[in-house]
**Student:** 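Provided herewith is a single structure, encoded as structure tokens, for subsequent inquiry.
Every chain is numbered from 1, with letters handed out A, B, ... down the list of sequences.
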Amino acid sequence: EPEVTQTPSHQVTQMGQEVILRCVPISNHLYFYWYRQILGQKVEFLVSFYNNEISEKSEIFDDQFSVERPDGSNFTLKIRSTKLEDSAMYFCASSVLLAGRNTIYFGEGSWLTVV
Amino acid sequence: AQSVTQPDIHITVSEGASLELRCNYSYGATPYLFWYVQSPGQGLQLLLKYFSGDTLVQGIKGFEAEFKRSQSSFNLRKPSVHWSDAAEYFCAVGMNYGGSQGNLIFGKGTKLSVKP
């Protein structure tokens, strides 16, 4: 069964450093997303991406965050200058809209620890 | 504003017993509804989904869920729980409008423990 793959599975970084989280969405999917889950809290939507541009973003997704689809297969989330509060599990997800119905499939997540 | 409530933070059931996990949503129109499961250290796996039609939906691993519009609920059920079902379960609502519909609103999750 096709799946969303994410790398790295775990990254530790120092506060103020830039981090790039990578994702390979399911191959025929056209919509891509990042979500995050701070330990013990809800899974929260960050951003959606379609047709090479951001289609929706949450309040969390401020200027420190950016997304990119650098080639035909990868989808990345960059955090420019990490803060302690960015420590979380980051989930990449993808979907294809069929007959107006959107089923979102998630990857296994990338644990980011900011120290 | 849209929201999802999972009233039970932690549930413990005996192996072989039946299970029902509660989910209530707040949304102005007919929502798209999902249940995901997260095993320790793992990602979010889709169990089942509801878009329209039959209000009783079947999912993977023997799970089912029933959409009840009058109660704004989408409870997850399983007739006989297995030890491998121990995990955290998340209910989510998706917006029913055009576009990406990717902004899922998640509940806080219900952690399921299974006693032998």
**Student:** Pick whichever of A:K57, A:E3, A:Q6, A:Q37 has the most heavy-atom pairs under 4.5 Å with chain B.
**Tutor:** A:Q37
**Student:** Is it true that atom NZ of A:K42 has more than 12 heavy atoms of other residues, nucleotides or ligands lying nearer than 6.0 Å?
**Tutor:** yes
**Student:** Is there a continuous path of hydrophobic side-chain contacts, each under 4.5 Å between heavy atoms, that joins B:V114 to B:W35?
**Tutor:**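 Shared cluster, yes.
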**Student:** Given heavy-atom pairs under 4.5 angstrom as the criterion, report whether the side chain, backbone, both or neither of B:K49 touches chain A.
**Tutor:** side chain
**Student:** I'd like to know whether CD1 of B:I60 has more than 12 heavy-atom contacts from other residues, nucleotides or ligands below 6.0 angstrom.
**Tutor:**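 More than 12 heavy atoms, drawn from other residues, nucleotides or ligands, come within 6.0 Å of this atom.
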**Student:** B:L44 versus chain A, heavy atoms under 4.5 Å apart: side chain, backbone, both or neither?
**Tutor:**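 Both backbone and side chain.
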**Student:** Please check if atom CG in A:D63 has more than 12 non-hydrogen atoms from other residues, nucleotides or ligands closer than 6.0 Å.
**Tutor:**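 Count not over threshold, so no.
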**Student:** I want to check something: taking the side chain as every heavy atom from C-beta on, are B:N103 and A:Y33 in contact at a cut-off of under 4.5 Å?
**Tutor:**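 Result no, sub-4.5 Å side-chain heavy-atom pair not found.
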**Student:** With the 4.5 Å side-chain cut-off for hydrophobic clustering, are A:V67 and A:M89 part of the same group?
**Tutor:** no
**Student:** Is there a path from A:L30 to A:F45 through hydrophobic residues (I, L, V, M, F, W, Y) whose side chains come within less than 4.5 Å of each other?
**Tutor:** yes
**Student:** Tell me if the CG atom of A:L39 is crowded by more than 12 foreign heavy atoms within 6.0 Å.
**Tutor:** no
**Student:** Would you confirm whether A:Y35, through its side chain, and B:L104, through its main-chain N or O, come within 3.5 Å as a donor-acceptor pair?
**Tutor:**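 Such a contact is found between A:Y35 side chain and B:L104 backbone.
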**Student:** What residues of residues 7-15 of chain A sit under 4.5 Å from chain B when you count only heavy atoms?
**Tutor:**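 Answer by number: none.
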**Student:** So what's closer than 4.5 Å to chain A heavy atoms on B:Q38: side chain, backbone, both or neither?
**Tutor:** side chain
**Student:** Check the hydrophobic clustering (I, L, V, M, F, W, Y; side-chain heavy atoms under 4.5 Å; chains of links allowed) and say if A:L112 and A:V4 are grouped together.
**Tutor:** no
**Student:** Say you draw a straight line from OH of A:Y105 to CD of B:Q45; how long is it, rounded to the nearest 0.5 Å?
**Tutor:** 10.5 Å
**Student:** Determine whether B:Y36 and A:I104 make a side-chain contact, defined as any pair of heavy atoms from C-beta on separated by less than 4.5 Å.
**Tutor:**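 Result yes, sub-4.5 Å side-chain heavy-atom pair found.
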**Student:** Over all heavy atoms of both residues, which pair between A:N102 and B:F34 is shortest? Give the atoms and the distance, please.
**Tutor:** O-CZ, 3.5 Å
